[in-house]
Amino acid sequence: MTLPMDDEHAALFTVGQVADMLHVQQAFLRRIDDHQVVSPQRSAGGQRRYSRYEIGRIQQVVGMVGEGMTLPAIRRIFELQHALAEVTRERDELARRLNELSGPGSAAAPP
């Protein structure tokens with residue numbers, strides 16, 4: 001049985017809790033959501049709820065902003081990281097399938 005606290009994607013933390021944890025302003029968290037850099041889930045009442053995964057992303061954002069990067073640039077970096085991860089997964093799946101096809105006993109296997 002997996003507890004919600006064990007799931008890094010479980011939306012457990014409020015804006016205030018995250019702001020306190022990371023020593024940032026609540027307005028900053030709202031701004032990065034408005035810019036679609038880190039967009040938390042919403043409660044039934046429409047309040048933002050953050051997961052541990054999203055908190056980690058926010059920590060990255062804080063570091064990048066500290067280095068002078070803009071929120072649109074950070075969003076683009078995250079988009080490119082996601083795209084690279086997808087391409088890597090596809091490559092790995094194709095390599096696995098190719099290995100299956102060229103395994104022992106197949107016509108594609110070298111002599």
Side-chain angles (χ1 to χ4, degrees):
M1 179 171 120
T2 301
L3 298 173
M5 294 170 53
D6 294 336
D7 180 2
E8 73 171 357
H9 294 284
L12 302 173
F13 304 95
T14 66
V15 171
Q17 290 171 322
V18 174
D20 288 344
M21 276 188 262
L22 301 180
H23 307 290
V24 298
Q25 297 292 316
Q26 291 183 26
F28 175 75
L29 297 174
R30 289 189 289 272
R31 196 166 84 236
I32 64 174
D33 184 11
D34 292 343
H35 282 271
Q36 299 175 343
V37 176
V38 177
S39 296
Q41 298 177 41
R42 299 287 181 139
S43 69
Q47 295 179 326
R48 292 172 177 88
R49 292 288 188 260
Y50 294 86
S51 67
R52 288 186 329 205
Y53 175 80
E54 290 159 341
I55 292 169
R57 296 294 269 191
I58 294 165
Q59 288 176 312
Q60 291 177 322
V61 171
V62 169
M64 291 178 188
V65 167
E67 293 174 4
M69 298 185 77
T70 65
L71 292 180
I74 296 167
R75 182 182 67 234
R76 185 65 180 139
I77 288 169
F78 285 171
E79 290 168 351
L80 291 170
Q81 287 174 337
H82 178 74
L84 178 59
E86 287 294 316
V87 168
T88 300
R89 277 192 287 278
E90 288 176 21
R91 181 209 58 205
D92 292 347
E93 174 61 19
L94 289 171
R96 184 192 64 74
R97 290 173 53 198
L98 182 60
N99 282 337
E100 286 177 359
L101 292 173
S102 62
S106 72

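Quick note: numbers below take in every heavy atom, side chains included, and nothing from hydrogens, waters or symmetry partners.
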* Name all pairs fulfilling the ring pair (Phe, Tyr, Trp, His ring centres under 6.0 Å) condition that reach into residues 65-87, sequence neighbours left out, sorted by first residue then second. => none

* Asked: Listed by chain and number, what are the salt bridge (Lys or Arg N to Asp or Glu O under 4.0 Å) partners of R96, not counting sequence neighbours?
  -> E93, E100

* Going by heavy atoms in the side chains, are P40 and R49 under 4.5 Å from each other? -> no

Show every donor-acceptor pair shorter than 3.5 Å between a side-chain atom in residues 55-62 and any protein atom, with sequence neighbours excluded, or say none if there are none.
none

Would you list the atom pairs, donor with acceptor, under 3.5 Å between side chains in residues 18-33 and any protein atom, with sequence neighbours excluded?
residue	atom	partner	partner atom	Å
D33	OD1	S39	OG	3.1
D33	OD2	R42	NH2	3.2
D33	OD2	R48	NE	2.7
D33	OD2	R48	NH2	3.4

* **Considering all heavy atoms, the nearest R52-D7 contact** => NH2-C, 4.0 Å

* Asked: Is it the case that one hydrophobic cluster holds both Y53 and Y50, taking links as side-chain heavy atoms less than 4.5 Å apart, direct or via other members?
  -> no

* **CG on L94 to CG on L101, rounded to 0.5 Å** => 10.5 Å

* Kindly compute the distance separating NE2 (H35) from CD1 (I74), expressed to the nearest 0.5 Å. => 10.5 Å

* side chain to side chain donor-acceptor pair (under 3.5 Å): which pairs involve residues 64-79, sequence neighbours left out? -> R76-E79

What side-chain donor-acceptor pairs closer than 3.5 Å can you find for residues 9-16, not counting sequence neighbours?
residue	atom	partner	partner atom	Å
T14	OG1	Q17	N	3.1
T14	OG1	Q17	OE1	3.4

